[in-house]
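Quick notes on the structure that follows.
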Amino acid sequence: MTLPHSYGLVLMLTILTMICWGSWANALKLAKGWRFELLYYDYSIGVALCAALAGFTFGTLGTDGPGLLADLSHAGLVNILCGFAGGVVFNLANILVIGAVSVAGMGVGFPIGVGLALVVGVIWNYIVNPQGNPWLLFAGVALIVGAIVVDAIAYRMHAASLGAAGDKADAAQKRTATWKAIKLSVAGGLLMGMFYPLVEIGKKGDTGLGAYAVGLVFGLGILVSVFVFNPYFLKFPIAGPRLFFKDYLKGSWWLHALGIAGGMMWMTGALANFVAASAPRHLQVGPAISYAIGQGATMVGALWGVLVWKEFAGGGSRVNWLLVMMFVLFLTGLGAVSVAPLYAAH
């Protein structure tokens, strides 16, 4: 397999993770009129395709470890199952978060859903392996929770201001959509915070999977499980009329290409994360920097929604100030979580 051999390249891979994870959902915004349930089939294909392409190229070439097939052949069953289960858990969580994005936009789905996943992940990891300064760690978590609450308030105020300009029925519909988006983001975020520990178990031990092998197994977990989860969301959609698989077949090549590109972009970020974590220890980005940059994906997604797609346009000055407060709280909390390992109590 091929692994990075310089600190600069490892740092670039970490930054690539942040950009890809925070930007891939633009595929949904670009596919105007195309329901996320239909796009998600192509997204899952893109994830698995990217994992396979990387595995049979970068994961097979090079002299930094066993090739993809050799890696898979010596892996333990528990490691493989955990890597696969990580993909399944992530997939259900991601469907819920993207459902929230389809209802309320990236400025809501990412800060609430992915931000909550960060909170769950921090608490989970501290319980399993209590490292770092607990005061900084949980102060950071509290600030991130505050940012999530402020973002939800901003979206509710924005929906209320738009509803006030229309009729009462329209205002009631917007309030219903607001609560639906928030509940979907919370459910998806709680679930998403649980997938990464499964991936880490898949990489542990003498029979653990390498970076490209765990990526392939993870991608297959996503591809297989989409045919389990997605039929439910077609039959009981989050918003809009019921869908059928034949509706997916009616999509244009452009719509299918957008979904596949979105999946490949997300998986590129995941592989960059897995590969950077597998570099020689003396070349790895420090835990504080790596954590801060990687979780910056949440703010990348929020910035796309606020600045490019104008999802909070027309909300007024109060909404704008709440958004500023949300960014400040989130970045401050992320900073506190990131430096906590540097100030561990002895």
Side-chain angles (χ1 to χ4, degrees), residues 1-5 10 13-14 17 21 47-48 50-52 54-55 58-60 62-94 117-132 137 190-225 266-291 293-295 337-338 340-341 344:
M1 74 177 75
T2 304
L3 296 176
H5 286 277
V10 173
L13 288 172
T14 309
T17 297
W21 282 359
V47 165
C50 181
F58 296 109
T60 301
T63 58
D64 296 313
L68 178 71
L69 295 179
D71 200 358
L72 288 170
S73 66
H74 96 280
L77 179 60
V78 172
N79 299 97
I80 292 174
L81 289 176
C82 284
F84 187 88
V88 174
V89 171
F90 168 81
N91 208 23
L92 179 56
N94 201 40
L118 167 59
V119 171
V120 173
V122 167
I123 295 173
W124 177 293
N125 288 328
Y126 190 81
I127 292 173
V128 173
N129 186 16
Q131 293 183 341
L137 200 63
L190 289 172
L191 198 57
M192 192 174 287
M194 302 175 186
F195 91 88
Y196 206 85
L198 290 170
V199 174
E200 286 300 303
I201 294 172
K203 296 162 60 180
K204 294 291 185 184
D206 295 334
T207 59
L209 294 160
Y212 297 96
V214 79
L216 180 60
V217 172
F218 181 88
L220 289 174
I222 290 176
L223 181 61
V224 171
S225 63
W266 188 91
M267 194 62 201
T268 297
L271 286 169
N273 181 282
F274 299 160
V275 170
S278 300
R281 193 167 187 84
H282 68 282
L283 295 177
Q284 291 180 10
V285 176
I289 298 173
S290 176
Y291 200 82
I293 294 175
Q295 294 303 330
V337 169
S338 299

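Just so it is clear, the model here is predicted, and its values are computed rather than measured.
The minimum heavy-atom distance linking Ala54 with Leu271 is given by the pair CB-CD1, 3.5 Å. Between Gly208 and Asp71, the shortest heavy-atom contact is O-OD1, 3.9 Å. Ala48 and Leu223 get closest at one heavy-atom pair: CB-CD2, 3.8 Å. Across Asn79 and Lys204, no two heavy atoms sit closer than the pair ND2-O, 3.0 Å. Across all non-hydrogen atoms, the minimal contact from Ile222 to Val47 is CD1-CG1, 3.7 Å. Residues Ala276 and Thr14 approach most closely at CB-OG1, 4.3 Å, considering heavy atoms.
His5 meets the side-chain hydrogen bond (donor to acceptor under 3.5 Å, both in side chains) test with Asp64; sequence neighbours excluded. Judged as a ring pair (Phe, Tyr, Trp, His ring centres under 6.0 Å), and not counting sequence neighbours, the contacts of Phe195 are Phe90, Phe218.
Between atom NE2 of residue His74 and atom OG1 of residue Thr207 there is a gap of 6.5 Å, rounded to the nearest 0.5 Å. Residue Trp21 holds its CH2 atom at 4.5 Å from CG of Asn273, rounded to the nearest 0.5 Å. Taking NZ from Lys203 and OG from Ser278, the interatomic distance works out to 4.5 Å, rounded to the nearest 0.5 Å. Thr60 OG1 to Leu69 CG: the interatomic distance, rounded to the nearest 0.5 Å, is 6.0 Å.
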Exercise. Step by step, work out the side chain to side chain contact (heavy atoms under 4.5 Å, CB included) result for Ser225 and Leu92.
Key: CA-CA 8 Å; Ser225 63; Leu92 179 56; over 6 Å; no
Quiz item: Is there a side chain to side chain contact (heavy atoms under 4.5 Å, CB included) between Phe84 and Val224 once you walk through the steps?
Solution: CA-CA 10 Å; Phe84 187 88; Val224 171; 4.0 Å; yes
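Applying the side-chain hydrogen bond (donor to acceptor under 3.5 Å, both in side chains) definition to pairs two or more places apart or across chains, none involves residues 212-222.
Counted within 6.0 Å of CZ on Phe58, heavy atoms from surrounding residues, nucleotides or ligands total 12 or fewer; the atom is thus considered open.
The only member of Ile201, Leu72, Leu216 that meets side chain to side chain contact (heavy atoms under 4.5 Å, CB included) when paired with Leu209 is Leu72.
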